[in-house]
A.B. asks: 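First, the structure itself, so that you have it in front of you.
Per chain, numbering begins at 1; letters A, B, ... match sequence-line order. Just so it is clear, the values below take in all heavy atoms, side chains as well, and ignore hydrogens, waters and symmetry mates.
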Amino acid sequence: MTSPTSPVRVRYAPSPTGIPHIGNIRTALFCWVLARQTNGQFIVRIEDTDRSRYDADAEKAIFESLDWLGLDWDEGPGKGGPHSPYVQSERQETYVAAAMQLVESGHAYFDDTTPEQLHALRERQRAAKQPPRYDGRGRHRSPQEIEESRQAGLPITVRLKVPDHGSVSFIDAVRGKITFELRELDDFVILKSDQMPTYHLAHILDDHAMGVTHVIRGDEWISSTPRHLLIHQALGIDPPTYVHVPLILGKDKAKLSKRHGATSALEYRDQGFLADAVFNFMCLLGWSPGDDTEIMTREQIVERFSIDRINDSPAIFDSEKLEWLNGVYIRNMDEQSLMARLLPFMERPEAEGGLSDTVERPIDRDYLMRLLPLVHERLKLLTEGTETLDFFFADNVSPAAEDLPGRKMDMEMTGRALAAAAELCRVTTPFEPEQLEAEYRALAEKIEMKPGQLFSPIRVAITGKTFAPPLFDTMAAIGQERCVARIENALKILRSSTVAPAEQ
RNA sequence: GGCCCCAUCGUCUAGUGGCCCAGGACACGGCCCUCUCAAGGCUGAAACAGGGGUUCAAAUCCCCUUGGGGCUACCA
């Protein structure tokens, strides 16, 4: 099976019953890429035929996820198109009409078996160690009997007549030929008693009406594909090309679910991942360009993508690797764009992960621009802006006394270092990185300490942390006055502490 | 239980009969660089699930076993 070169029409057809997770969105992404590559159309269609499970928030999240990842659609909700509407609940008459047509042509029939009866049937089968399946009893109901049930208010469904022998096969674009024995299938429902179609009927009608050429969907649909083939036959239409993509699993190799932590694209957005990085990463789950290339722009992916190279086996979502990739993307960004991305996270309320509420909003752009080069290559997530830059914005910091001593330093030595540092800090001019470094290195020599030893307590005094951007750039950015105050403050903290320094 | 799908380092993967005593990336260990943390460079450990075939030759083809997953709804 080769990858298409002529324009494809592909669709992403989510059901608004839950926030779309990574695996689901990855399918949308494959669709989008293929559509862009072949100059085809990417269609979005909402499959909301299950009215009891409909969730408006989920529907919102679907569009938000697509927007965030930049998966723009050519036809669909909010966009329109030649096959409107793109919401199944608004296409109900089509499905009902098709179901009636199938009944008339003898491919389907009305069934008045109640859910209770169905349940009882399955219980009996289970008890007899038989596979639970519908026994086709509705096939023998007369129109009169059905009408009586209808009058009595019993639920009526439409079921497809499945031949009891023979087999169906199809060529899956990623797996090759797959065959199913028809006797394994029972007569399944195509129109529910609320006059809504099941997925099986609805998607086929829509895909056909919308001219969908390739159905790209998760692996879990392979088992119901024979049903879909049967419906196509009954309707006298040709099935599309099926492309069943492998699932994305959680760390424990189980289907992705809530307990795996972040599972939706939106959660990754909120955790500070870049859409481009997530896009890139998701493409690599279940697909590879065939060489060692991993970092690719959308354009490169669009150019290189191929159905032939979609993997057969499921992938586990490794968020550690995503973090690395996100860091790569951040490092490749220019400072202006980085600032634009960082700002929304840093300007959130403190309680939501932003800078201290005492820091004035909007944040001083010029100052932030000056700081970014110091932390740029250290960031892996956009949410880290706050924690790596907070001390630049704070009036003062309060380091823990036990953090102040550097390697192989006791309290006395630390005190001497800080005292000398404070003194020098007051007089250094100009207060610039090169000047500071030169003078502090000289100071270290003068008080007979290794540069690293002298710098450690200063760093902690200035930043409140044991790790930070390069010290002298940091000091220069913070300014002489605040630096002096912080070193003196640290000295005070050190002297008032009675605890021994922690073993280094 | 039945049916279907899947199976290369911990993870993502390259590999489509000889180029593979299996390559890359993340993570992990070591070294270098170094004012800390990163970044970067070098380097190490780490896999063809098992068993049968086919073949001069198999990670690659076939069969079985095992393991994982999915489906078996008036959910999608």
Side-chain angles (χ1 to χ4, degrees), chain A residues 13-18 47-50 52-53 111 113-115 118-119 122 126 129-134 155-159 172 175 178-181 183-186 188-200 202-203 217-227 244 246-247 249 251 253-255 281 284-295 308-309 311-325 327-328 331 375-380 388 406-407 437 440-441 444 450-456 458-460 463 465-472:
Chain A
S15 139
T17 52
E47 311 226 319
D48 58 347
T49 52
D50 185 346
S52 63
R53 293 203 307 157
D111 180 35
T113 314
T114 64
L118 251 14
H119 180 75
R122 280 188 210 107
R126 215 186 319 271
K129 297 206 192 299
Q130 298 288 320
R133 61 206 299 277
Y134 176 71
I156 310 291
T157 60
V158 176
R159 286 179 186 267
D172 186 272
R175 281 155 227 281
I178 300 176
T179 302
F180 290 85
E181 294 301 323
R183 66 183 135 75
E184 302 292 341
L185 292 187
D186 56 9
F188 57 96
V189 173
I190 55 175
L191 192 72
K192 301 184 267 187
S193 60
D194 64 357
Q195 296 297 288
M196 275 298 199
T198 57
Y199 166 82
H200 306 303
H203 91 276
R217 53 162 46 160
D219 225 341
E220 75 261 35
W221 290 107
I222 292 179
S223 303
S224 34
T225 305
R227 293 199 180 90
H244 287 105
L247 263 18
L249 273 21
K251 292 156 206 70
K253 293 178 191 270
K255 208 175 173 181
F281 185 70
L284 260 15
L285 252 31
W287 174 78
S288 87
D291 56 23
D292 294 336
T293 314
E294 292 198 303
I295 296 163
D308 306 331
R309 299 202 53 84
N311 263 294
D312 290 10
S313 52
I316 292 172
F317 194 88
D318 179 8
S319 46
E320 277 190 346
K321 186 159 181 176
L322 208 211
E323 264 194 42
W324 161 77
L325 192 65
V328 171
R331 271 175 252 129
V375 299
H376 193 155
E377 69 176 19
R378 275 155 245 265
L379 296 175
K380 286 225 283 279
T388 53
R407 295 173 62 81
E437 174 149 15
Y440 275 88
R441 284 195 185 276
K450 291 186 171 174
Q453 290 184 309
L454 172 62
F455 301 168
S456 277
I458 305 176
R459 173 178 306 104
V460 177
T463 67
K465 302 174 202 289
T466 53
F467 56 91
L471 180 58
F472 304 107

A.B. asks: Has the side chain of A:Arg175 got a donor or acceptor atom sitting under 3.5 Å from an opposite partner on the base of B:C5?
C.D. replies: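 Answer no: no donor N or O sits under 3.5 Å from an acceptor.
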
A.B. asks: Output the rounded distance in Å from CG (A:Leu284) to C1' (B:A25).
C.D. replies: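 Taking atom C1' of B:A25 as the reference, CG of A:Leu284 is at 9 Å.
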
A.B. asks: Which whole number of Å gives the distance between the P atom of B:G18 and that of B:G44?
C.D. replies: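 So the two P atoms sit 27 Å from each other.
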
A.B. asks: Scan every strand shown for a Watson-Crick or G-U wobble partner of B:U36, both distances under 3.5 Å, and answer none if you come up empty.
C.D. replies: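 Its partner is none (no Watson-Crick or G-U wobble pair with both distances under 3.5 Å).
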
A.B. asks: Please list, pair by pair, any protein nitrogen or oxygen found under 3.5 Å from a nitrogen or oxygen in nucleotides 26-28 of chain B.
C.D. replies:
{"unit_1": "B:C26", "atom_1": "O2'", "unit_2": "A:Lys321", "atom_2": "N", "d": "3.4"}

A.B. asks: Could you please spell out the steps behind the side-chain hydrogen bond (donor to acceptor under 3.5 Å, both in side chains) verdict for A:His244 and A:Asp172?
C.D. replies: CA-CA 7 Å; A:His244 287 105; A:Asp172 186 272; 2.6 Å; yes

A.B. asks: Please check if the side chain of A:Glu184 supplies one atom and the backbone of A:Glu181 the other of a donor-acceptor pair under 3.5 Å.
C.D. replies: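 Side chain of A:Glu184 to backbone of A:Glu181: no pair is present.
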
A.B. asks: Answer yes or no: is there a donor N or O on one side and an acceptor on the other, between the side chain of A:Lys192 and the main chain of A:Thr49, under 3.5 Å?
C.D. replies: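 The answer is yes, because a donor-acceptor pair under 3.5 Å joins these two groups.
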
A.B. asks: Does A:Arg459 place a side-chain N or O at less than 4.0 Å from the phosphate oxygens OP1/OP2 of B:C37?
C.D. replies: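 Negative; the distance criterion is not met.
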
A.B. asks: Would you measure the distance from the P atom in B:G68 across to the matching atom in B:C31 and give it in whole Å?
C.D. replies: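 Those two atoms are separated by 41 Å.
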
A.B. asks: Give none if B:A59 has no partner; otherwise give the nucleotide forming a Watson-Crick or G-U wobble pair with it, both distances under 3.5 Å.
C.D. replies: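 Per the H-bond distance test, none.
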
A.B. asks: Is a side-chain donor or acceptor of A:Gln453 paired with a backbone partner of A:Arg407 at a separation under 3.5 angstrom?
C.D. replies: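 Yes, A:Gln453 side chain to A:Arg407 backbone: donor-acceptor pair under 3.5 Å.
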
A.B. asks: For B:C26, give its Watson-Crick or G-U wobble partner with both distances under 3.5 Å, or none.
C.D. replies: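 Pairing partner: B:G10.
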
A.B. asks: Let me know the distance between CZ of A:Arg126 and C1' of B:G1, rounded to the nearest Å.
C.D. replies: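 Nearest whole value for this atom pair: 11 Å.
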
A.B. asks: Quiz question: going by heavy-atom distance under 3.5 Å, is there a donor-acceptor pair between the base of B:C74 and the side chain of A:Ser193?
C.D. replies: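 For A:Ser193, whose side chain was compared with the base of B:C74, there is a donor-acceptor pair (under 3.5 Å).
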
A.B. asks: Let me know the distance between CD of A:Gln453 and P of B:U34, rounded to the nearest Å.
C.D. replies: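 Rounded to whole Å, this separation is 17 Å.
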
A.B. asks: Select from A:Glu47 and A:Thr179 the residue whose nearest nucleotide in RNA chain B is closer to the 5' end of that strand.
C.D. replies: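 The 5'-side residue here is A:Thr179.
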
A.B. asks: Among the nucleotides B:C4, B:A76, B:C37, which one has an atom lying closest to any side-chain atom of A:Phe467?
C.D. replies: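 Closest nucleotide among those given: B:C37.
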
A.B. asks: Expressed as a whole number of angstroms, how long is the span from A:Ile316:CD1 to B:C9:P?
C.D. replies: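 Taking CD1 of A:Ile316 and P of B:C9, I get 11 Å after rounding.
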
A.B. asks: Is the distance from OP1 or OP2 of B:C12 to the nearest side-chain N or O of A:Ser288 less than 4.0 Å?
C.D. replies: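 For A:Ser288, the contact criterion (side-chain N or O under 4.0 Å from OP1 or OP2 of B:C12) is not met.
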
A.B. asks: For A:Ala444, what residues pass the side chain to side chain contact (heavy atoms under 4.5 Å, CB included) criterion, not counting sequence neighbours?
C.D. replies: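 Counting only residues at least two positions away or on another chain, A:Ala444 forms a side chain to side chain contact (heavy atoms under 4.5 Å, CB included) with A:Leu454.
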
A.B. asks: State the pairing partner of B:G17; accept Watson-Crick or G-U wobble contacts with both distances under 3.5 Å, and report none otherwise.
C.D. replies: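 The base-pairing partner of B:G17, which may sit in any strand shown, does not exist here.
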
A.B. asks: Select base, sugar-phosphate, or nothing to describe what A:Pro197 touches, counting heavy atoms under 4.0 Å on all strands.
C.D. replies: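 If one applies the 4.0 Å heavy-atom cut-off, A:Pro197 turns out to touch the sugar-phosphate alone, with no base involved.
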
A.B. asks: Quote, to the nearest angstrom, the P distance that separates B:U60 from B:G15.
C.D. replies: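 Approximately 15 Å lies between the P atom of B:U60 and that of B:G15.
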
A.B. asks: Can you name the residues that form a side-chain hydrogen bond (donor to acceptor under 3.5 Å, both in side chains) with A:Asp312, not counting sequence neighbours?
C.D. replies: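 Applying side-chain hydrogen bond (donor to acceptor under 3.5 Å, both in side chains) to A:Asp312 gives none.
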
A.B. asks: Among all residues two or more places apart in sequence or in another chain, which pass the side-chain hydrogen bond (donor to acceptor under 3.5 Å, both in side chains) test with A:Lys465?
C.D. replies: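 Only A:Asp390 meet the side-chain hydrogen bond (donor to acceptor under 3.5 Å, both in side chains) criterion with A:Lys465.
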
A.B. asks: Under 4.0 angstrom, heavy atoms only, what part of the nucleic acid is A:Ser52 near: base, sugar-phosphate, or nothing?
C.D. replies: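 No contact at all - A:Ser52 keeps every heavy atom at 4.0 Å or more from the nucleic acid.
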
A.B. asks: In whole angstrom, give the distance that lies between atom CD of A:Gln130 and atom C1' of B:C3.
C.D. replies: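 That distance rounds to 15 Å.
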
A.B. asks: Only counting residues at least two apart or in another chain, list the ones meeting side chain to side chain contact (heavy atoms under 4.5 Å, CB included) with A:Ser288.
C.D. replies: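 So A:Ser288 forms a side chain to side chain contact (heavy atoms under 4.5 Å, CB included) with A:Arg309.
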
A.B. asks: Indicate, with a heavy-atom threshold strictly under 4.0 Å, whether A:Pro470 touches base, sugar-phosphate, or nothing.
C.D. replies: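 Counting heavy atoms under 4.0 Å across all strands, the contact made by A:Pro470 includes a base.
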
A.B. asks: Applying a 4.0 Å non-hydrogen cut-off, can you work out what A:Ala468 is touching in the nucleic acid: base, sugar-phosphate, or nothing?
C.D. replies: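 Base, at least one base atom sits under 4.0 Å.
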
A.B. asks: Could you tell me the separation between the OH atom of A:Tyr199 and the P atom of B:A73, rounded to a whole number of Å?
C.D. replies: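 Answer to the nearest Å: 17 Å.
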
A.B. asks: Do the side-chain N or O atoms of A:Arg53 get closer than 4.0 angstrom to the phosphate oxygens (OP1, OP2) of B:A76?
C.D. replies: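 Checking A:Arg53 against B:A76: no side-chain N or O falls below 4.0 Å of OP1 or OP2.
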
A.B. asks: Please measure how far the P atom in B:C20 lies from the corresponding atom in B:C12, and state the result in whole Å.
C.D. replies: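 My reading of the P atoms in B:C20 and B:C12 gives 24 Å.
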
A.B. asks: Can A:Asp291 and A:Thr293 be counted as having a side-chain donor-acceptor contact under 3.5 angstrom?
C.D. replies: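 On atom types as modelled, these side chains qualify, holding a pair under 3.5 Å.
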
A.B. asks: Using atom P of each nucleotide, how far apart are B:G2 and B:A46 to the nearest Å?
C.D. replies: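 Pairwise P distance, B:G2 against B:A46, rounds to 40 Å.
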
A.B. asks: Starting at the 5' end of nucleotides 59-72 of chain B, put B wherever the base has a protein heavy atom under 4.0 Å, S where only the sugar-phosphate does, and a dash everywhere else.
C.D. replies: ----------SBSS

A.B. asks: Using side chain to side chain contact (heavy atoms under 4.5 Å, CB included) as the criterion, list what pairs up with A:Leu118, not counting sequence neighbours.
C.D. replies: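 A:Leu118 satisfies side chain to side chain contact (heavy atoms under 4.5 Å, CB included) with A:Thr113, A:Arg122, A:Tyr134, A:Arg159 once adjacent residues are dropped.
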
A.B. asks: With a non-hydrogen cut-off below 4.0 angstrom, is A:Pro469 in contact with a base, only sugar-phosphate, or nothing?
C.D. replies: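 Since a base atom lies under 4.0 Å of A:Pro469, the category is base.
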
A.B. asks: Under 4.0 Å between any heavy atoms, over every strand shown, what does A:Gly218 touch: base, sugar-phosphate, or nothing? Just pick one.
C.D. replies: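 A:Gly218: no heavy atom of the nucleic acid under 4.0 Å.
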
A.B. asks: If we only count heavy atoms from C-beta on, is the A:Tyr440 to A:Leu471 side-chain gap below 4.5 Å?
C.D. replies: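 Of all side-chain heavy-atom pairs linking A:Leu471 with A:Tyr440, none is under 4.5 Å.
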
A.B. asks: Nearest whole angstrom, please: distance from the P of B:U36 to the NZ of A:Lys465.
C.D. replies: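 Taking NZ of A:Lys465 and P of B:U36, I get 18 Å after rounding.
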
A.B. asks: Using a 4.0 Å heavy-atom cut-off, does A:Gly290 contact any base of the nucleic acid, only the sugar-phosphate backbone, or nothing at all?
C.D. replies: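 Sugar-phosphate: the residue A:Gly290, judged by heavy atoms under 4.0 Å, touches backbone atoms but no base.
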
A.B. asks: How many whole angstroms separate atom CZ of A:Phe281 from atom P of B:U11?
C.D. replies: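 Going from A:Phe281 (CZ) to B:U11 (P), I get 13 Å.
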
A.B. asks: So, is A:Arg159 close to the B:C74 phosphate, meaning a side-chain N or O under 4.0 Å from OP1 or OP2?
C.D. replies: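 Checking A:Arg159 against B:C74: at least one side-chain N or O falls below 4.0 Å of OP1 or OP2.
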
A.B. asks: If I pick the P atom on B:G24 and the same atom on B:A7, what distance separates them, to the nearest angstrom?
C.D. replies: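 The answer is 23 Å between these two P atoms.
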
A.B. asks: Considering only atom P, compute the distance from B:G51 to B:C56 and round it to an integer number of Å.
C.D. replies: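 Result for the P pair: 23 Å, nearest Å.
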
A.B. asks: So A:Thr113, base contact, sugar-phosphate only, or nothing? Heavy-atom distance under 4.0 Å.
C.D. replies: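 If one applies the 4.0 Å heavy-atom cut-off, A:Thr113 turns out to touch a base.
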
A.B. asks: Partners of A:Arg133 by side-chain hydrogen bond (donor to acceptor under 3.5 Å, both in side chains), sequence neighbours excluded?
C.D. replies: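 If we apply the side-chain hydrogen bond (donor to acceptor under 3.5 Å, both in side chains) test to A:Arg133, skipping adjacent residues, there are no hits.
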
A.B. asks: Is A:Asn311 near enough to B:A14 that one of its side-chain N or O atoms lies under 4.0 angstrom from OP1 or OP2?
C.D. replies: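 Checking A:Asn311 against B:A14: at least one side-chain N or O falls below 4.0 Å of OP1 or OP2.
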
A.B. asks: I want to confirm an ordering. Mapping A:Ile178 and A:Ser456 to their closest nucleotides on RNA chain B, which one lands closer to the 5' end?
C.D. replies: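 It is A:Ile178 whose nearest nucleotide is closer to the 5' end.
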
A.B. asks: Quick one: ring-ring contact (aromatic ring centres under 6.0 Å, His included) partners of A:Trp221, sequence neighbours excluded?
C.D. replies: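 Partners of A:Trp221 under the ring-ring contact (aromatic ring centres under 6.0 Å, His included) test: A:Tyr199.
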
A.B. asks: Run the side chain to side chain contact (heavy atoms under 4.5 Å, CB included) test against A:Ser193 and tell me which residues pass, sequence neighbours left out.
C.D. replies: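 Listed in chain order: A:Pro155, A:Thr157.
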
A.B. asks: What is the per-nucleotide protein-contact pattern of nucleotides 17-23 of chain B, from the 5' end, where B denotes a base atom under 4.0 Å from a protein heavy atom, S denotes such proximity for sugar-phosphate atoms only, and - denotes neither?
C.D. replies: ------B

A.B. asks: Could A:Lys321 and A:Glu294 be called an ion pair, given the rule that one side-chain N must be under 4.0 Å from one carboxylate O?
C.D. replies: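 A:Glu294 and A:Lys321: salt-bridged.
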
A.B. asks: Can you find a side chain N or O atom of A:Lys192 that sits less than 4.0 Å from OP1 or OP2 on B:C75?
C.D. replies: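 True: A:Lys192 side-chain N/O within range (under 4.0 Å) of B:C75 OP1/OP2.
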
A.B. asks: State which residues pass side-chain hydrogen bond (donor to acceptor under 3.5 Å, both in side chains) with A:Asp50; sequence neighbours excluded, sorted by chain then number.
C.D. replies: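 By the side-chain hydrogen bond (donor to acceptor under 3.5 Å, both in side chains) rule, A:Asp50 matches A:Ser52, A:Arg53.
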
